[in-house]
Amino acid sequence: MKERAILSLIVNFAVLPAGSLSVYAQSQRYPIDAEIQQKIGEFQQR
């Protein structure tokens, strides 16, 4: 029973970082042209 708990901990620590990497990779995207134009417009209004 103790071996099973240790194994589940190892699996959890292996799976959770892999899932968070995909979330991090998605947040590192380049802005689309419409977003760039919007930011330029906001900057010029200031």
Side-chain angles (χ1 to χ4, degrees):
M1 190 69 176
K2 189 175 183 179
E3 294 85 11
R4 188 173 178 182
I6 293 172
L7 180 63
S8 66
L9 279 175
I10 292 171
V11 169
N12 283 336
F13 283 121
V15 170
L16 289 175
S20 64
L21 283 177
S22 65
V23 172
Y24 178 74
Q26 284 179 343
S27 68
Q28 299 296 318
R29 67 174 182 82
Y30 291 105
I32 60 173
D33 190 49
E35 291 170 336
I36 295 172
Q37 295 300 325
Q38 180 184 6
K39 293 294 181 188
I40 291 173
E42 291 173 4
F43 183 75
Q44 288 175 343
Q45 288 178 356
R46 293 183 182 184

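For this chain, numbers begin at 1 and follow the sequence in order.
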Would you list the atom pairs, donor with acceptor, under 3.5 Å between side chains in residues 38-46 and any protein atom, with sequence neighbours excluded?
residue : atom : partner : partner atom : Å
Gln38   : NE2  : Glu42   : OE2          : 3.4

| query | What pair of heavy atoms forms the shortest contact from Ala5 to Ser8, and how long is it? | reply |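 In terms of heavy atoms, the two residues are closest at O-OG, 2.7 Å.
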
| Residues forming a salt bridge (Lys or Arg N to Asp or Glu O under 4.0 Å) with Glu3, sequence neighbours excluded | none

